[in-house]
Amino acid sequence: APESINLPATADPVSFVLAKNLHRRHLDKSQMASLAIRIKAAEQAQAKRQKSKGDWNKLLPTNWTYSAKLHAQVRLTGEETKQLAAAAGVGARTLRQAQKVHNEAIPEVSEAVVTKQVKLGKAVEVAELPKAEQAKALSIAISETGKRRKLEPKPCPCGGVCPCHR
């Protein structure tokens with residue numbers, strides 16, 4: 001069974017999760033920023049639920065994959081942006097881009113960033129389009145990214161010593 005930890009009331013759960021997990025992953029800055037925004041969305045949904053005493057099950061995903069139920073708008077002050085960016089190990093600009101994608105794009109665009117199907121900059125371009133056009137634009141962006149990857153394969157940053165190479 002997974003280990004559970006009770007955090008003090010003053011602890012920031014987003015910072016805790018990021019500090020304990022992101023350094024163990026082969027994630028680029030775009031992925032880290034997008035995941036930090038997703039975690040913040042879940043945290044804000046929980047705070048909203050606690051404030052309204054609503055039904056938490058309506059906010060939680062049915063499984064551990066990303067869910068549109070948690071794809072609510074994320075609101076951050078300038079100071080919160082700096083703190084979350086520092087916790088995720090990314091710049092504030094990168095975090096703001098991930099926030100824009102999360103808030104303005106269809107959920108599939110954010111998912112494509114996390115799964116390395118598109119870069120964050122391209123996802124921002126897609127997010128700026130009307131929602132009705134985003135799915136098609138995302139599909140084109142993914143196909144273009146795939147073509148570039150075939151031409152320029154990148155080695156794993158671990159140098160071949162991580163579990164993914166065994």
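For the single chain, residues carry numbers from 1 onward in sequence order. Atom set for the values below is all heavy atoms of this structure, side chains included, hydrogens, waters and symmetry mates excluded.
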Distance-only donor-acceptor pairs under 3.5 Å for side chains of residues 125-132, two or more places apart:
residue : atom : partner : partner atom : Å
E125    : OE1  : K122    : NZ           : 3.3
K131    : NZ   : E104    : O            : 2.9

Go through Q83 and E79 one step at a time and tell me if the side chain to side chain contact (heavy atoms under 4.5 Å, CB included) criterion holds. CA-CA 6 Å; Q83 290 173 354; E79 187 58 32; 3.5 Å; yes
Could you check whether any side-chain N or O of Q97 sits under 3.5 Å from a backbone N or O of V124, counting only pairs where one atom can act as donor and the other as acceptor?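 The answer is no, because no donor-acceptor pair under 3.5 Å joins these two groups.
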Only counting residues at least two apart or in another chain, list the ones meeting side-chain hydrogen bond (donor to acceptor under 3.5 Å, both in side chains) with R75.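 With sequence neighbours excluded, R75 shows a side-chain hydrogen bond (donor to acceptor under 3.5 Å, both in side chains) to Q73, given in chain and number order.
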Calculate, to the nearest 0.5 Å, the distance between atoms [atom1] and [atom2] belonging to [X] and [Y] respectively.
X: I37; Y: N103; atom1: CD1; atom2: CG; value: 7.5 Å
X: K119; Y: E144; atom1: NZ; atom2: CD; value: 14.5 Å
X: L95; Y: S30; atom1: CG; atom2: OG; value: 11.5 Å
X: S110; Y: Q31; atom1: OG; atom2: CD; value: 11.0 Å
X: T94; Y: K29; atom1: OG1; atom2: NZ; value: 8.5 Å
X: L76; Y: E80; atom1: CG; atom2: CD; value: 5.5 Å

Please name the pair of heavy atoms, one in S34 and one in L120, separated by the smallest distance, quoted to 0.1 Å.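 That closest heavy-atom pairing would be OG-CD1, 4.4 Å.
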Heavy-atom pair with the smallest gap, counting every atom of M32 and A88: SD-O, 3.4 Å
